[in-house]
Amino acid sequence: MLQVKHILENKEQVIEGLKKRNLDAETLVQQIIDLDLERKTSIVKVEDLRAEGNKKSKEIGGLFKEGRIEEANAAKLEVQKAKTEQKNLEEELNNIEEKFRNLLYQIPNVPHTTVPSGSTEEDNEEVYSEGIIPILHEGAKPHWEIVKKKNIVDFETGVKITGAGFPVYKGKGARLQRALINFFLDEAEKSGYAEVIPPLLINEASGIGTGQLPDKEGQMYHVTGDNLYLIPTAEVPITNIYRDLILNENELPKKNCGYTPCFRREAGSYGKEVRGLNRLHQFDKVEIVQVVHPDESYQVLNDMVEHVKELVRKLKLPFRILRLCGGDLGLTSALTFDFEVYSTAQERWLEVSSVSNFETYQSNRLKLRFKKDKEKPQLAHTLNGSALALPRIMAALIENNQDINGDICIPEVLQKYTGFSKI
RNA sequence: AGUGGAGUGGCCGAGCGGCUUAAGGCGCACGCUUGGAAAGCGUGUUGAGGUGCAAAUCUCACGGGGGUUCGAAUCCCUUCUCCACUACCA
């Protein structure tokens, strides 16, 4: 969430910035400012009473020690009365603070100055593209037909076991998944990211920390028996490693990568969009995460984009990079670049990575700070990116690399991981 | 999962209703001392929030939340984590 101080000091700038999200935040921001004032007034009242109470209690302690029992008892009665008022005021303060927090949770991150305004993905700005879209032979097929024929991804069995969106990868299909995971992890480690294997279930505090809760609860699978959530992305557990920490400035940047399955309910999705591997409830992804000094976060965002570029390039997939417009930007992000690869048989672009700078939006919720010597701790910046999400990469590879015989050619960089060059 | 025990500052560890303003130690930082260092001595050593131009000052935090009390690290309830034993299991 945004820092209150930042809102107070940059009211107009915040409201103006949020317009890019097609959000008129005027009322909301004003409510927050008003409530903050109310909050402070209430704090003063409560703390004054507390201070007085503390003083009196100490005096009573002294009276008892001196054996002045009657005076002490009289003082007790007096304080007891004052407590009622204090309790009421404390309750009032609690209410204000809860309301205040809820309002703050509602305000999305302020988009970076370079974010284009716009409402849908149509308004995203293409900033880069690379690679040649292959011309497929007559009779080329979409990936869902190829994987069926080759028996490497079995959707029907997944439906039987769990439901739609939970495919079973088989044989060389499974092997290809594993190859991609290992390839992505090795590349990440080469770029200096330390690998972690995090939990796949997270608690409520972690969900709030990275911004999935309270707003996007419906998108995660909720294990109600234990009040845990299946991770929608490794971003959540990996970033939460640093929750409640005060790092030394010289420990920055923190760079982590991790492979995890991801679980998304994707309520409301249907049709061509979800066909085959296009949109799944469970999918594999390698994620890269950084915690950095605020002065460096945009340089780092660039580095992360370059890292992802290199991955897609090595897989020889045609891709483009989009700067997300305000309307398409996630709640917590200040600037996001999406990577899309071209899936030739479907004749459409598929999003395979999203690289974002959250500035202090997450770290403020996470209480993730760093400190230089004796200076006051300050919030770090957090970033993350998919590097990469597997199913759509697989879809594009399968479609783009099908040859005249209907076989799938494995890109050279993957062959040492797969152990075969064709499926 | 059951039963019992325990969670105190950067770390160890005392305190078990009011001289706690959290003892003592270790570590760390600075100073004195020294040719230099060690030892020794001295000083300091958390975070959040409020008031104030500032100096300063107040509030909150002893795993988390709630309660009892004029007053809670200390008593009660609840929850989490760790340890031990029992049961189960890859």
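The chains referred to below are lettered A, B, ... by the order of the sequence lines, with proteins before strands, and numbering in each begins at 1.
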Please state the [atom1] separation for the pair [N] and [M] - nearest whole angstrom.
N     : M     : atom1 : answer
B:G25 : B:A14 : P     : 15 Å
B:G15 : B:A1  : C1'   : 35 Å
B:C32 : B:G9  : P     : 33 Å
B:C80 : B:C88 : C1'   : 23 Å
B:U46 : B:G42 : C1'   : 23 Å
B:G52 : B:G66 : P     : 28 Å
B:A61 : B:U8  : C1'   : 12 Å
B:A6  : B:U74 : P     : 14 Å

Worksheet item: When you check every protein heavy atom under 4.0 Å of nucleotides 54-60 of chain B, what one-letter string (B, S, -) results, 5' to 3'?
Response: ----BBS
Fill in: Annotated protein contacts, base or backbone, on nucleotides 62-67 of chain B with a non-hydrogen cut-off under 4.0 Å, one of B, S, - each
------
Answer yes when [X] and [Y] have at least one side-chain N-carboxylate O distance shorter than 4.0 Å, and no when they do not.
X      : Y      : result
A:K19  : A:E16  : yes
A:D48  : A:K45  : no
A:E340 : A:R392 : no
A:E52  : A:K56  : yes
A:K190 : A:D186 : no

Specify the separation, in whole Å, of atom [atom1] of [X] and atom [atom2] of [N].
X      : N     : atom1 : atom2 : value
A:D36  : B:G49 : CG    : P     : 11 Å
A:I43  : B:G52 : CD1   : P     : 13 Å
A:E251 : B:G10 : CD    : P     : 15 Å
A:I96  : B:G49 : CD1   : P     : 18 Å
A:K56  : B:U69 : NZ    : P     : 19 Å
A:L368 : B:G47 : CG    : P     : 16 Å
A:L49  : B:G50 : CG    : P     : 18 Å
A:K58  : B:C70 : NZ    : C1'   : 14 Å

Counterpart base for [N], defined by Watson-Crick or G-U wobble contacts under 3.5 Å:
N     : answer
B:U34 : none
B:G9  : none
B:A84 : B:U3
B:A73 : none
B:A14 : none
B:U43 : B:A29
B:C62 : none
B:U51 : B:A56

Residue [X], side-chain atoms from C-beta onward, closest of [options]:
X      : options             : answer
A:K83  : B:G49, B:A48, B:G71 : B:G71
A:K371 : B:A48, B:U51, B:U46 : B:U46
A:R39  : B:U46, B:C70, B:G50 : B:G50

Response to the item:
Ranking A:I246 and A:L77 by the position along RNA chain B of their nearest nucleotide, the one closer to 5' is A:I246
Worksheet item: Would you say B:A48 has OP1 or OP2 under 4.0 Å from some side-chain N or O of A:R369?
Response: yes
Discussion item. Under 4.0 Å, heavy atoms only, any strand: does A:K40 hit a base, just the sugar-phosphate, or nothing?
Written reply: sugar-phosphate
Practice prompt. Examine A:K254 relative to A:Y242 and say whether NZ or CZ is less than 6.0 Å from the centre of the six-membered ring and inside a 45° cone about the ring axis.
Written response: no
Worksheet entry | A:F155 six-ring centre to A:K148 NZ/CZ under 6.0 Å and within 45° of normal | no
Response to the item:
Only residue of A:T210, A:L200, A:L201 satisfying side chain to side chain contact (heavy atoms under 4.5 Å, CB included) with A:I231 is A:L200
Worksheet item: Quick check: does any side chain N or O of A:S363 sit under 3.5 Å from a backbone N or O of A:L379, one acting as donor and the other as acceptor?
Response: no
Discussion item. If we ignore hydrogens and angles and just use 3.5 Å, is the side chain of A:R175 paired with the main-chain N or O of A:T418 as donor and acceptor?
Written reply: yes
Practice prompt. Check the pair A:Y193, A:Q290 against side-chain hydrogen bond (donor to acceptor under 3.5 Å, both in side chains), reporting the backbone distance first and the verdict last.
Written response: CA-CA 9 Å; A:Y193 295 90; A:Q290 292 211 42; 3.0 Å; yes
Practice prompt. Please report the closest heavy-atom contact between A:F358 and A:Q362, naming both atoms and the distance.
Written response: CD1-OE1, 3.4 Å
